[in-house]
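Remarks on the structure that follows.
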Amino acid sequence: MRNPLIKRFPRELKAELGKWIVLFIFIAGMIGIVSGFLIGSESMVLTFNENFEKYNIEDGNFELAAQAEENLYDKFEEQGATLYENYYFEKETDDFDSTIRIFKNRTEVNKVCLMSGEIPVIENEIAIDRVYAKNNNINVGDKLSIDGTELTVSGFVALTDYSTLYSSPSDMLFDSIKFGVGIVNDDGFENIDKDIHYSYSWTYNEKPADDMQAKEKSDKVLELLVENTIVTQFIPAYSNQAIHFAGDDMGTDTVMLEYFLYLMMAVIAFVFAITTSNTIVKEANVIGTLRASGYTRTELIIHYLTMPIIVTFVAAVVGNILGYTVFKDFATNLMYNSYSLTTYIPRRNAAAFIKTTAITVCIIILINFLILWKKLRLSPLKFIRRDLSQKGKKKAIRLNAKIGILTRFRIRVIFQNIPNYVMIFIGIFLANVILIFGCGLNPLLEHNQDTIIDNIIADYQYVLKTPVETNCEGAEKYCTDSLKTTDENFISEDVTIYGVSDNSKYVDVDDGVYISSAFAAKHKLVSADKTTLRDTYENKDYTFEIDGVYDYPAGLAVFMDIHEFNEIFGNEPDYYSGYFSNTEIDDIEDFVAVKITADDYTKTSRQLMVSFEGLSGLLAGFGIIVFMLIIYLLSKIIIEKNGQSISMTKILGYSNSEINTLYIASTAIVVVLSMLVTMPLTDIAMTYILPAAMASYSGYFFYYMPTKVFIAAFTIGILGYAVIAFAQTRKVKKIPLDIALKNVE
């Protein structure tokens, strides 16, 4: 026999249509966003990995002082590798501050992916990197002036060996604003006045199995080159950030999104539970009658679970459809904003469906089942009598008679709706975290940028190809090397090791090993701790005992005396590898490998501002939606729960405006107090959330949130509640007087 309770579902849906629509839209939108990120991220990672074979990406490149002899190609063949010419030149752009590296069109190695427009076919055309063009407001068909030569932009491309725009292997972070790459045809390359960089790429006939094997192979290549040529730069692919950084970074944020989804679904599950509990109170007589007629508690639990499960499941399916269509593109656009990626192919992702549908439905079932099981433990007689207290009747809290009657009334309303107001408090807290994270992201990055500039070691840092003396006054010798972190709780990233001169005027540290404040904060290290860093190329670990923390927020670094540095790394006692200087050094330009300025140190925050373009607005908007959803649903429940009391007050002669001051004002008091209390709590939470969110990025971001962000969040919250309160006043107005005559106990 068909369960007659099924007939109630259409009526329940119609009666609470507004509530179900709001929850459906919210769940579908939230799952759509997360599903889109999972699908887009996985698709792009798979496409990225396939590109190595599809576009014949190099296994390494090197640069020579002069053009290679023909027999060098044969020597590479003997070692099981193929050598390709990959010449380029670099020029400054005339119309804006940037450097562009220009290659011939590649057809054999590091092949080009055309994103839009056309490949250059005549000598005065150039196709440039898509991200570089976007960041500098360049469109197809525009004129690009390079060192006095005007070229027409024929198209946008992605160079597969520059998926991340690192101009140098020593750069701390890529810069897609002030550095770009492009291609011209053979005639165009020959006709531009230039200083050619004799760059070559090679590929192995048998690919190495891992980085260790790749290092062994590249060491043999380097030995071959040293024996036969003069090498000015050598970069194996496994250590080339321009090739691998994008692939390593894509997908790192999806775990945080998954946890966020599950947290929000837990909140929604409690909202479902509260609304269902309110329904149980209203239908207590019916439930008691059904129980007395033979319906089991399990059957009733299943009945009350059905609508939340159906709404959640259908919303999850719709959300996944949106993920594959709308939100997938939003997620991939965020990656395309940062990285010079080839055209990707969307892939089906069964894991995304399981994570966004199966797990979310299970969360709804588990939380609601536990609450319903407890709620429906009462006997049928208690339900019939509408005696739903499980701990005996509670004595009302005595309030001081000197308090005005209306104030006491509001306090009673708050006490009677504590569970709802607790959920409002939690919802406001979560909404504020999301809202402030979105609104505060750009101020954080701007503040980080200013802090770095104020605390750089020197206006100029020079890394030399070989030690050479300079006549520049104020220049100070130092040593530098780079090691990798080994803490498994964090991503492995570069740590710069500095050996500073005695009585240095640039780095004020005593004898011993000091770590930068950024390193200490990110890895939670203090004096007397030990940290182990690894030379991945030599597969050798170095353990340092920390003697102190040096105030240096610009990056992860270790400072020590130059003599101790040379002893640890096996250098000659008088060895040095660079200069600190507050003035530009111009007498040893031919010996300089890298020149680092303040502009280089701010690449991280500058690039992140570009990468997160649009994300701040999305987070802020999502925070507002969460806030209004929670407040609307729970304030609606409070009005419905007190429908009989509101009807009675109308019979007693109270006007709608007076009733609003009792019930809606009570919620307003809770909302305002919750906003005020959650602001400092949000501030505390953000000190943990922001560093965790930025942990996958190079360096460390010290928490900073200006007061104006909290003021803006508070103002948005108040305005949002004002809209909801207006909607609730209309609901109060519609409550009829005859409700007070029903269910009189």
Side-chain angles (χ1 to χ4, degrees), residues 170 172-173 447-448 451-458 461 463 476-571 573 575-580 596 600-601 604-605 687-688 690-704:
S170 63
M172 293 180 294
L173 193 74
H447 179 262
N448 178 73
T451 302
I452 288 173
I453 292 174
D454 293 339
N455 291 274
I456 58 175
I457 296 174
Q461 290 184 42
V463 180
E476 181 178 284
K477 297 174 182 177
Y478 76 97
C479 286
T480 185
D481 203 342
S482 180
L483 300 175
K484 292 279 190 180
T485 56
T486 57
D487 190 337
E488 295 180 354
N489 296 318
F490 300 89
I491 62 165
S492 179
E493 58 184 310
D494 289 326
V495 177
T496 304
I497 315 298
Y498 289 103
V500 298
S501 299
D502 296 334
N503 301 315
S504 171
K505 61 183 179 182
Y506 294 100
V507 181
D508 183 18
V509 295
D510 299 323
D511 292 338
V513 174
Y514 289 76
I515 62 172
S516 65
S517 53
F519 191 8
K522 187 165 189 175
H523 288 262
K524 298 177 175 57
L525 297 170
V526 296
S527 297
D529 283 350
K530 291 184 179 180
T531 183
T532 299
L533 305 175
R534 178 169 299 153
D535 185 336
T536 54
Y537 305 141
E538 299 294 336
N539 196 27
K540 182 178 180 181
D541 288 349
Y542 295 86
T543 299
F544 301 99
E545 184 172 346
I546 301 167
D547 294 298
V549 176
Y550 181 67
D551 186 16
Y552 180 69
L556 275 58
V558 174
F559 302 93
M560 65 184 70
D561 178 77
I562 192 169
H563 305 296
E564 185 175 0
F565 179 99
N566 286 331
E567 183 179 345
I568 290 173
F569 293 99
N571 301 324
Y575 174 80
Y576 61 94
S577 57
Y579 287 102
F580 295 132
I596 303 171
D600 296 295
Y601 280 105
T604 301
S605 51
T687 61
Y688 296 96
L690 267 172
M694 309 300 284
S696 60
Y697 295 96
S698 177
Y700 183 76
F701 296 83
F702 286 92
Y703 174 68
Y704 169 78

Closer than 3.5 angstrom, by distance alone: can the side chain of [X] be matched with the main-chain N or O of [Y] as a donor-acceptor pair?
X	Y	result
Asn566	Tyr575	yes
Ser577	Thr480	yes
Ser517	Tyr552	yes

[X] and [Y]: which non-hydrogen atoms are nearest, and at how many Å?
X	Y	answer
Tyr542	Asp535	CE1-CB, 4.1 Å
Ser516	Gly555	OG-O, 2.8 Å
Asn455	Thr451	ND2-O, 2.7 Å

Nearest 0.5 Å please: distance from the [atom1] atom of [X] over to the [atom2] atom of [Y].
X	Y	atom1	atom2	value
Asp529	Asp547	CG	CG	11.5 Å
Cys479	Ile568	SG	CD1	11.5 Å
Asp494	Leu483	CG	CG	9.0 Å
Ile457	Asp508	CD1	CG	12.0 Å
Asn448	Tyr704	CG	OH	12.0 Å
Met560	Asp510	CE	CG	14.5 Å

Is the number of heavy atoms from other residues, nucleotides or ligands under 6.0 Å of Asp502 CG greater than 12?
yes

For the CD atom on Glu564, are there more than 12 heavy atoms of other groups (residues, nucleotides or ligands in this structure) within a distance under 6.0 Å?
yes

How are the rings of Tyr498 and Tyr478 set to each other: parallel, tilted or perpendicular (split at 30° and 60°)?
tilted

Hey, are the side chains of [X] and [Y] touching, using non-hydrogen atoms and a 4.5 Å cut-off?
X	Y	value
Phe569	Asp481	yes
Phe559	Thr496	no
Val495	Phe544	no
Val558	Leu533	yes

Does the salt bridge (Lys or Arg N to Asp or Glu O under 4.0 Å) test come out yes or no for Arg534 and Asp541, once each step is laid out?
CA-CA 4 Å; Arg534 178 169 299 153; Asp541 288 349; 2.6 Å; yes

Results of side chain to side chain contact (heavy atoms under 4.5 Å, CB included) for Ser504 - residues two or more places apart only:
Glu476, Val500, Tyr506, Val507

Mind checking what makes ring pair (Phe, Tyr, Trp, His ring centres under 6.0 Å) contact with His523, not counting sequence neighbours?
Phe490, Phe519

Side-chain donor-acceptor contact under 3.5 Å, Thr543 with Thr532:
yes

Report the C-alpha distance between Leu525 and Ile515 in whole Å, list the side-chain angles of each, state the deciding distance to 0.1 Å, and finish with yes or no for side-chain contact (heavy atoms from CB on, under 4.5 Å).
CA-CA 9 Å; Leu525 297 170; Ile515 62 172; 3.7 Å; yes

